[in-house]
Q: 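Please find one structure pasted underneath; my questions will follow.
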Amino acid sequence: MTALDRADFGDLMRRAAREIESPEDWDWFCKALPPPVMRRLLAEFFEWQTHGGQAEPDGDWRVWLLMAARGFGKTLVGAHWVTQRAREAPGARIALVGGSRDEVAKVMIEGPSGLLAVARSDEDMVWMPTQGVVAFASGAQAFVYSAAAPEKLRGPEHDFAWCDELAKWAASSSSGHARAEAAWDNLMMGMRRGARPRTIVTTTPRAVNIVRRIRGLNGHAETRGRMDENVHLSDPVRDWAMETYGGTRLGRQELDGILFDQPEEPLFPREVMEKNRVAAGTIARDGLTRVVVGVDPPASASGNACGIVVCGLGGDGNAYVLADCSVQGLRPEGWARAVAKAAAAWGADRVIAEQNQGGDMVESVLRSVDAGLPVKLVSASRGKAARAEPVAARFETGRARLAGRFPELEDELAGLTVAGGYEPGSGSGPGGPGKSPDRADAMVWAMTTLIRPSATPRVRFL
């Protein structure tokens with residue numbers, strides 16, 4: 001069946017569904033259909049019921065990003081797409097990737113809209129939970145992977161892949177963003193089987209780094225959708241959701257499928273950070289004239305992270321963010337050791353630590369783990385925006401750059417506004433930055449030290 005034939009058949013069935021009002025008339029209509037037409041109707045039930053962003057995009061794309069609201073039917077689309085690829089490519093290897101193995105099993109395979117639910121009655125589909133494999137009637141196989149274990153994706157090759165709730169991957173493990181990005185990179189490197197490897201990503205819209213990376217890919221297609229586009233969702237559920245969350249920022253994201261990528265008037269626009277990025281590892285220590293470690297200590301062990309960011313001044317006069325070594329949930333001696341380790345790894349000339357939280361205790365804790373640590377305490381006498389503006393100006397003019405990818409730090413920087421506020425929700429939502437931009441503060445302290453004019457005395461001859 002050609003794509004045109006499928007479209008014509010879908011138009012015919014949708015027209016019939018609109019014109020037939022009562023269940024009794026619909027039952028009569030179906031019984032009157034010739035057996036071949038009825039078999040085709042059942043086999044292609046989902047195809048002619050797709051709405052809006054559920055329809056597969058045209059074109060020669062490699063990654064389809066279906067970023068839509070809750071209740072839109074994203075999981076159903078992913079399950080149908082995978083089963084159709086299994087029919088078309090006997091012997092294909094398909095990757096099923098979720099935030100955890102349990103989520104893959106409970107949602108993508110066993111769920112009400114999962115692979116088992118959409119399987120045709122005349123097709124044998126075998127789910128082997130202990131092996132993490134789904135065997136299709138065509139001979140194709142789908143394999144379960146977890147974003148929390150990215151190393152499992154290193155090596156296996158696949159024809160197709162389905163990644164579900166990718167925006168949540170960062171919250172699926174203690175290492176968060178780093179593991180999520182490693183899982184994605186390992187998967188993409190293995191997408192090399194068959195004539196046309198393709199991946200579908202079904203996720204709610206959250207402004208995490210990994211989603212932005214996909215949106216910036218060449219050869220990616222994107223469709224969107226709102227909850228109210230799903231005519232199969234019950235009215236009470238839809239009405240309750242709209243009444244409770246309609247018009248709020250959360251509601252616009254989760255119900256309308258709107259992606260909030262950054263606040264109004266950000267100090268560090270994402271496009272500026274992206275423009276001023278160089279590859280990790282391209283800036284060597286011996287090519288730097290000065291290295292500073294910025295530290296924003298936490299108020300308590302159970303509170304926000306301890307921001308630890310390493311920055312360096314290159315021989316070209318540009319300042320570079322070299323490493324984000326921030327830690328969370330550690331007692332003072334724990335985060336102090338992390339600071340000393342970062343300083344030693346980069347041969348830091350100076351450690352700049354904010355003393356507003358803890359006062360002189362900060363210096364005492366740092367020197368207790370390394371008596372020779374070159375510590376200098378600073379106080380925040382101005383607001384975050386005022387302190388960050390000179391650093392932001394450096395990024396705007398290309399004189400400050402990111403030497404690699406720092407998702408959590410970048411999320412926090414994106415939340416700083418010209419007006420002096422901080423909007424953590426504009427970063428990545430759950431799993432992203434906390435209520436305080438600890439990493440951003442640490443980076444600003446380090447960068448400020450690097451770009452401040454030298455106070456070295458000079459001799460004047462009269």
Side-chain angles (χ1 to χ4, degrees), residues 1 3 6 9-10 13 30 35-51 54-56 63-64 66 68 71-147 149 152-153 156-166 183 187 190-203 230 232:
M1 179 177 59
R6 183 179 292 113
F9 184 74
M13 297 312 303
C30 291
V37 176
M38 191 62 195
R39 284 196 296 271
R40 181 171 170 180
L41 171 62
L42 293 174
E44 299 172 17
F45 183 74
F46 177 73
E47 281 80 358
W48 62 265
Q49 282 203 119
T50 54
H51 53 271
Q54 287 187 334
E56 181 174 333
V63 177
W64 171 15
L66 171 50
F72 176 74
K74 300 183 294 296
T75 305
L76 190 66
V77 174
H80 273 285
W81 187 85
V82 166
T83 54
Q84 186 59 34
R85 300 292 79 74
R87 295 183 191 111
E88 296 173 351
R93 290 177 57 90
I94 304 170
L96 305 175
V97 192
S100 67
R101 289 179 64 89
D102 188 61
E103 288 181 6
V104 176
K106 297 294 175 61
V107 178
M108 301 170 70
I109 298 172
E110 302 169 358
S113 300
L115 293 174
L116 297 178
V118 306
R120 296 176 183 172
S121 58
D122 60 341
E123 291 180 330
D124 292 328
M125 184 184 295
V126 181
W127 163 223
M128 296 170 276
T130 55
Q131 292 135 313
V133 177
V134 177
F136 296 89
S138 67
Q141 291 182 303
F143 302 87
V144 173
Y145 297 98
S146 166
K152 299 293 185 182
L153 282 160
E157 298 181 8
H158 302 95
D159 300 82
F160 308 105
W162 173 20
C163 302
D164 189 48
E165 288 300 348
L166 177 135
L187 172 66
M191 294 300 296
R192 53 180 184 266
R193 279 186 106 242
R196 190 186 173 198
R198 283 173 291 166
T199 301
I200 182 172
V201 176
T202 52
T203 186
N230 186 354
H232 305 289

Q: What are the two closest non-hydrogen atoms of Thr203 and Leu166, and how far apart are they?
A: OG1-N, 3.5 Å
Q: Within the structure provided, determine whether Thr83 and Met125 are in side-chain contact (heavy-atom separation under 4.5 Å).
A: yes
Q: Distance check, rounded to the nearest 0.5 Å: Glu123 atom CD versus Ser138 atom OG?
A: 8.0 Å
Q: Under the side-chain contact (heavy atoms from CB on, under 4.5 Å) test, which residues partner Arg85, sequence neighbours left out?
A: Glu56, Trp81, Glu88, Phe160, Arg198
Q: Would you mind reporting whether Val104 and Ile109 have side-chain heavy atoms less than 4.5 Å apart?
A: yes
Q: Any side-chain heavy atom of Arg101 sitting closer than 4.5 Å to one from Lys152?
A: no
Q: Please lay out, stage by stage, how Val134 and Val82 fare under the test side chain to side chain contact (heavy atoms under 4.5 Å, CB included).
A: CA-CA 11 Å; Val134 177; Val82 166; over 6 Å; no
Q: So Ile94 and Trp162, side chain to side chain contact (heavy atoms under 4.5 Å, CB included) or not? Walk me through it.
A: CA-CA 8 Å; Ile94 304 170; Trp162 173 20; 5.6 Å; no
Q: Hey, mind stepping through Thr75 and Thr202 against side chain to side chain contact (heavy atoms under 4.5 Å, CB included) and telling me if it holds?
A: CA-CA 7 Å; Thr75 305; Thr202 52; 5.6 Å; no
Q: Go through the steps to decide whether Arg193 and His158 satisfy the test side chain to side chain contact (heavy atoms under 4.5 Å, CB included), and finish with yes or no.
A: CA-CA 5 Å; Arg193 279 186 106 242; His158 302 95; 5.6 Å; no
Q: With sequence neighbours left out, what residues match Ala183 under side-chain contact (heavy atoms from CB on, under 4.5 Å)?
A: Ala147, Pro150, Leu153, Trp169
Q: Taking the side chain from Asp124 and the backbone from Ala137, do they hold a donor-acceptor pair closer than 3.5 Å?
A: no
Q: Kindly give the heavy-atom pair with the smallest separation between Ala89 and Ala140, and that separation in Å.
A: O-CB, 3.9 Å
